[in-house]
There are 2 protein chains.
Amino acid sequence: MALGFLSGNAPRLDGLIERLESAEGLEDLQILIEELRDRYGVDHIVYHWVNSNGEQYGCGTYDLEWVNRYLEKGYLRVDPVVAGCYQRFHPVDWKRLDWSSKAARALMQDAIAYGIGNQGYSIPLRGPNGQFALFTLTHNCSDGEWEDFTISNRRDLILVAHYFNQKALEFEPGRTPEPAQPLSPREIEAMTLLAVGYSRAQAADTLSISEHTLRVYVESARHKLGAMNTTHAVARALSRGVIVV
Amino acid sequence: MALGFLSGNAPRLDGLIERLESAEGLEDLQILIEELRDRYGVDHIVYHWVNSNGEQYGCGTYDLEWVNRYLEKGYLRVDPVVAGCYQRFHPVDWKRLDWSSKAARALMQDAIAYGIGNQGYSIPLRGPNGQFALFTLTHNCSDGEWEDFTISNRRDLILVAHYFNQKALEFEPGRTPEPAQPLSPREIEAMTLLAVGYSRAQAADTLSISEHTLRVYVESARHKLGAMNTTHAVARALSRGVIVV
DNA sequence: ATCTAACTCCCCAGAAATAGCGAGGGGGCA
DNA sequence: TGCCCCCTCGCTATTTCTGGGGAGTTAGAT
């Protein structure tokens, strides 16, 4: 199959992006991702939520068979695409990743056998609370063709990936942060100092108050955050954006 | 001052984005951000790296006076823009944030006094290891004008913000303190359980291992994360995205 | 074949955090 | 005025965490 659009004649995505912006459910995303694949003329496009807890959400054009195999084999843990994107900010061509490990080569061979394609381009996406997702295009073609394709479409792809992630975050349940009871300024200071590694004594010293007073703040913050202990409280404060470190 | 570009006649940014992509230093970013402000005809554009450790990097068109005041007053900790963007993925109009707290209103008044403008639009950006940055445009105009402006330019702004962050990450490798030594699966499990409030004993029980073994993981994770204590380690793991709660 | 890294278990002593009891002054709000 | 929240401080006892030590197996990488 030939790539539909190389340099100079990229498809107009305005309409598609608008429909993406007004998508109202995960089904819409699936429809749009298939349409996008056809417009670009690539073999596969996949949006994929990566979460170390094992939970996953994804939509895309991979065969279910391959997805299941990927999960069963635990490829998530050895996939250089995941590892590589996790350390990067900018989109990455699969060729530039490190495929030297045995497990990675096995994964690649397996993927090709399942028709994923020998080329790939993945865009890392990050949301609140450590959310991490990938937007990936794969195809079967020469290195040169792939490079032309990715270079001439990179900006559109970043935008499309961004909106996919925005919608996925919007639709995905289980991300409902409880209405955070606000912490007092002193409580925030105390929690922040603990979060950056200070002990209670050090934090108290830094704020020029007695350790006991600091303890009161921490306890108070803990109760407000509904936390079991200080570590838990700091974790909650961080993931709710109450403190920033 | 009137906005240069509203719906229908947004500036062509291709050339600017290309120069952004080929920027070779922080000075180039400063030049480009000023050019961008002039092209859009807004009062200010600022890219800044948010990190409560006190370290900050930023470039933009704010007066140094205001930047210093912001830091001195500790506005970072009370700024609804920071807190709001920290919990969102999509760009946000300042009007939609919660300015009800006294500190937030004081900040807003102060900002207006320093000529920041009554309108603002901020794009949250996230990179590896929990990096978090903001790309902000501010202006002095009516709500309607601002809405027209942001709606018609939102896509370009996302792209520009993306490339700014990419370049800033590229030029400031020192912002990634340790090369993010990856945690082992067991270490991640242990840290995750601690982050959700389990004591060491509970976590060990949950993983069906002895408390001593769990302790080994926690200690190991702590060293890998360069943390002073468990709370610090969990905070770092969270803000680097090593664990997800 | 060797080596590193991950995973598992054990003991001990000192440091730190937690849980409970207190107390009083200041500011905002009804 | 009364109420509630924020800020500040003290004491004691118990539980938990931290920082040393050592030791064995398994699996993957060189």
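In the text below, chain A, chain B and the rest are named by the order of the sequence lines, each starting its count at 1. Side chains included, hydrogens not; waters and symmetry mates left out as well; all remaining heavy atoms used.
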With under 30° as parallel and over 60° as perpendicular, where do the rings of [X] and [Y] fit, or are they tilted in between?
X	Y	value
A:Y86	A:F132	perpendicular
A:Y70	A:H48	perpendicular
B:W99	B:W94	tilted

| field | 5' precedence on DNA chain D between A:A103 and B:A201 (nearest-nucleotide basis) | value | B:A201
| query | Taking 4.0 angstrom as the limit, do B:R222 and B:E187 come out as a salt bridge? | reply | no
Measure from the side-chain heavy atoms of [X] and tell me the nearest of [options].
X	options	answer
B:Y217	D:dC7, D:dA29, C:dC7	C:dC7
A:R222	D:dA29, C:dA17, C:dT18	C:dT18
A:T230	D:dG19, D:dT8, C:dA17	C:dA17

Rounded to whole angstroms, how far apart are [atom1] on [X] and [atom2] on [N]?
X	N	atom1	atom2	value
B:L183	C:dA6	CG	C1'	13 Å
A:D205	C:dA16	CG	P	13 Å
B:E219	D:dG20	CD	C1'	10 Å
A:N229	D:dC17	CG	C1'	11 Å
A:H223	C:dA19	NE2	C1'	9 Å
B:I188	C:dC7	CD1	P	9 Å
B:E189	C:dC7	CD	C1'	11 Å
A:Q202	C:dA15	CD	C1'	13 Å

| field | Contact nearer the 5' end of DNA chain C, comparing B:S208 with A:S199 | value | B:S208
Consider only side-chain N and O atoms of [X] and [Y], and report whether a donor and an acceptor are under 3.5 Å apart.
X	Y	answer
B:T192	B:E189	no
A:Y75	A:D110	yes
B:D63	B:Y114	no
A:T231	B:T231	yes

[X] side chain near [N] phosphate (N/O to OP1/OP2, under 4.0 Å):
X	N	result
B:S210	C:dC9	yes
A:R200	D:dC17	no
A:K224	D:dC6	yes
B:T213	C:dT8	no

| request: Would you indicate what A:S184 reaches in the nucleic acid, counting non-hydrogen atoms under 4.0 angstrom: base, sugar-phosphate, or nothing? | output: sugar-phosphate
| message | Considering every strand and a 4.0 Å limit on heavy-atom distances, what is the contact class for A:S220: base, sugar-phosphate, or nothing? | response | nothing
| request: Would you check if the side chain of B:Q131 reaches a backbone N or O of B:G127 as a donor-acceptor pair within less than 3.5 Å? | output: yes
| message | Consider side chain to side chain donor-acceptor pair (under 3.5 Å). Of B:T138, B:T150, B:D143, which one does B:Q119 pass it with? | response | B:D143
Contacts under 3.5 Å, N or O only, protein and nucleotides 28-30 of chain C:
none

Short N/O separations, protein against nucleotides 20-23 of chain C, under 3.5 angstrom:
unit_1: C:dG20; atom_1: O6; unit_2: A:R215; atom_2: NH2; d: 3.0

